[in-house]
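Let me begin by presenting the structure, written as structure tokens, before commenting on it.
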Protein chains: 2
Amino acid sequence: MLTFKQLRYFLAVQQHHHFGNAAEEVCVSQPALSMQIRDLEKELGLCLVERNARSIRITPEGEEIARRANQILREMQDLKDYAKHAASPLSGIIRLGVIPSLAPYILPKLLPALIKQYPDLQLNLRETLTASLVSELKHGTLDVVLAALPIEEPELEEVPIFEDHFLLAVSSSRKIDERKRMGPDDLHGENLLLLEEGHCLRDQTLSFCGAISQNQSANVGATSIATVLHMVAAGYGVTVLPEICADTEIADDRITLLRFAEPQPSRRIGLIWRKTSPKSEDYMALARCLRNVTN
Amino acid sequence: MLTFKQLRYFLAVQQHHHFGNAAEEVCVSQPALSMQIRDLEKELGLCLVERNARSIRITPEGEEIARRANQILREMQDLKDYAKHAASPLSGIIRLGVIPSLAPYILPKLLPALIKQYPDLQLNLRETLTASLVSELKHGTLDVVLAALPIEEPELEEVPIFEDHFLLAVSSSRKIDERKRMGPDDLHGENLLLLEEGHCLRDQTLSFCGAISQNQSANVGATSIATVLHMVAAGYGVTVLPEICADTEIADDRITLLRFAEPQPSRRIGLIWRKTSPKSEDYMALARCLRNVTN
DNA sequence: TATATTGATAAGATATCCTGATCCTTATGC
DNA sequence: GCATAAGGATCAGGATATCTTATCAATATA
């Protein structure tokens, strides 16, 4: 069978035009090199080196083979370089899935920090609902997911990043004292605006104040938090907003944010990956990085 | 050291997603394959396959490595194919040198015959003077040379192809009976037109009738036989023309060709190559082909 | 003619690789 | 829960392959 060693030895011969020197270059004895060349020639059924007493000559076919061998060894080196590059911590490709109620708010902070700290990391991003993310994670299409905990799949590892408190967003026309701390009861009779089915934020909101406003909420199903907030600003109702979205979304003074009374409702944001993933270390580092940008 | 085998085994794993089946495909036992994969991963310092109890998964880096490995193996196969192709008789690259007083006359016959009989042969042609051809042959820049014998270099093999008789080309205005057989004496007092220095044909002509017309010939030195013949046609003198050129060059009825008396002067055309060349067989076949097209 | 150079060859030591048996972990069926 | 099956890892022993050292053969050089 054709081997890389044969090609390497042959290239040395082709460069040195001398078996002895070539052998020295590849750090073997001259007979070892001679044999490999002989094997290569036998393998290819082709004379590559013309030996005449005092000097050697590469045949035209030999030169062509050398060209090809060179190309192959170069690509081999590239492969090794790639591996070396990818082996350093938090480098190479990581496919990260993020839920829609986090991606727009956390990624603008995360990405610059990651690029700065781990310049060799190449992040492939995907934004969709938790159910899809978990499915893709289990299937191997994603490596790691940033979502609300708990997921509680036995094969998945999850580590918490931070607690994301919920705020109540109401129309500023309501003239409520911002220092007032809200309780679930204060939602009585309010039109609660929610994201469409499948969003974990919708489920969390409902489980927090579900019994209270079950019926009113059925009529909405927005596709993004921005949309919901526009509706709040326009006076259609109120919504529950994760604190992490506040900075980005509330440039609108028609909306007032109210904090809930302790114990404040919140969602726990965490990082999830397969327990069997060989890059757990990397994901831990990613989690640390996430904590840094979110506190 | 990274080996070809490791890449092949890994690609099998990547395709089958199963060590056992992959091992079967590459015709080794499963432990053997496992070890090669382990060695490859150690070599690259990189986890390529994520093993979890019941199934395996290729890591993103693994997929990238697989892509590169595939490319490398494909080029390896190309190299083998090239070698196989080049190994068949009279195939691959042959660099042929031909002297100027032969190339235009013999190649139009030779090339079609060669292409028909040896379609895998790739002929690189070079036309220049004998001295250069021999030098390049000895240096290895050429593989085989078609020229006038003898060369008589100890390291070169030469085989005769055919005898190329010399004819005397004179202006048709001379009204000489074409059936008359010329002797060297008939050149007395003629203006003998010759190619420039370095052409073997010039030397051969001079050695044949040198003593006779030494002084008259000094004034010319054409760069091609066609040029010389134009001068003959215009009445500037006579020249000695190899028979092989006759068909091609004498479409001009202002020139009459006269045959010399026996023993007719001639040059012996032959094929020359390095005795150490690994393709002597091929050159013998080439010589046979040349004889077929020149008799 | 003696000597040096250079690749080929031979013999023995060493390293590598493979096979077959077995082990370990995890999922599945009863 | 327990037994079984699946699938990869590990191990021991033997087969191959590869290397090194010593030597040879051919040729060029002094």
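No hydrogens, no waters, no symmetry mates; every other heavy atom, side chains included, goes into these values. We name chains A, B, ... by the order of the sequence lines, and we start the count at 1 in each one.
- Taking for each of A:Gln6 and B:Asn21 the nucleotide of DNA chain D with the nearest heavy atom, the 5'-most of the two is the partner of B:Asn21.
- Nearest to the side chain of B:Asp39, among C:dG7, D:dC19, C:dC17, sits C:dC17.
- Atom CD1 of A:Ile37 is separated from atom P of C:dT6 by 17 Å (rounded to the nearest Å).
- Distance, A:Glu50 CD to D:dA26 C1': 16 Å, rounded to whole Å.
- Checked against side chain to side chain donor-acceptor pair (under 3.5 Å), B:Ser266 has the following partners two or more places apart in sequence or in another chain: B:Glu163.
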Sort me out a list of protein N/O and nucleotides 9-13 of chain D N/O pairs below 3.5 Å, or just none if empty.
| from | atom 1 | to | atom 2 | distance (Å) |
| --- | --- | --- | --- | --- |
| D:dA9 | OP1 | B:Arg51 | NE | 2.7 |
| D:dA9 | OP1 | B:Arg51 | NH2 | 3.4 |
| D:dA9 | OP2 | B:Ser34 | OG | 2.8 |
| D:dA9 | N7 | B:Gln30 | NE2 | 3.1 |
| D:dA9 | N6 | B:Gln30 | OE1 | 3.3 |

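- Using cut-offs of 30° and 60° for the angle between ring planes, the A:Phe4 and B:Phe4 rings count as perpendicular.
- Here D:dA17 presents its P atom at 14 Å from CD of B:Gln36, a figure rounded to the nearest Å.
- Here D:dT20 presents its P atom at 10 Å from CG of A:Leu33, a figure rounded to the nearest Å.
- For A:Ser135, the side chain to side chain donor-acceptor pair (under 3.5 Å) criterion is met by no residue, not counting sequence neighbours.
- Put simply, NE2 on B:His17 is 15 Å from C1' on D:dG7, counting in whole angstrom units.
- Computed from coordinates, the A:Tyr9 OH to D:dA17 C1' distance equals 12 Å when rounded to whole Å.
- Of the candidate nucleotides C:dC17, C:dG7, D:dT18, C:dC17 has the atom nearest to the side chain of B:Lys5.
- Distance from the side chain of B:Ile56 is smallest to D:dG8 among D:dT20, C:dC18, D:dG8.
- To the nearest angstrom, P of D:dA26 lies 16 Å from NZ of B:Lys275.
- D:dT18 atom C1' lies 14 Å from atom CZ of A:Arg8, rounded to whole Å.
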Check residues 121-128 of chain B and write down every donor-acceptor pair under 3.5 Å in which the side-chain atom is one partner and the other belongs to a residue at least two apart or another chain.
| from | atom 1 | to | atom 2 | distance (Å) |
| --- | --- | --- | --- | --- |
| B:Arg126 | NE | B:Glu136 | OE1 | 2.7 |
| B:Arg126 | NE | B:Glu136 | OE2 | 3.0 |
| B:Arg126 | NH2 | B:Glu136 | OE2 | 2.9 |

Stepwise side chain to side chain contact (heavy atoms under 4.5 Å, CB included) test for A:Ile37 and A:Phe19: CA-CA 10 Å; A:Ile37 300 297; A:Phe19 276 61; 4.3 Å; yes
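- Residues passing the side chain to side chain donor-acceptor pair (under 3.5 Å) test with A:Asp120 are A:His85, sequence neighbours excluded.
- The phosphate of D:dG8 has OP1 or OP2 within less than 4.0 Å of a side-chain N or O from B:His18.
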Distance-only criterion, 3.5 Å: show the donor-acceptor pairs between side-chain atoms of residues 21-36 of chain B and protein atoms not counting sequence neighbours.
| from | atom 1 | to | atom 2 | distance (Å) |
| --- | --- | --- | --- | --- |
| B:Glu25 | OE1 | B:His16 | NE2 | 2.4 |
| B:Gln30 | NE2 | B:Ser34 | OG | 3.0 |
| B:Ser34 | OG | B:Gln30 | O | 3.4 |

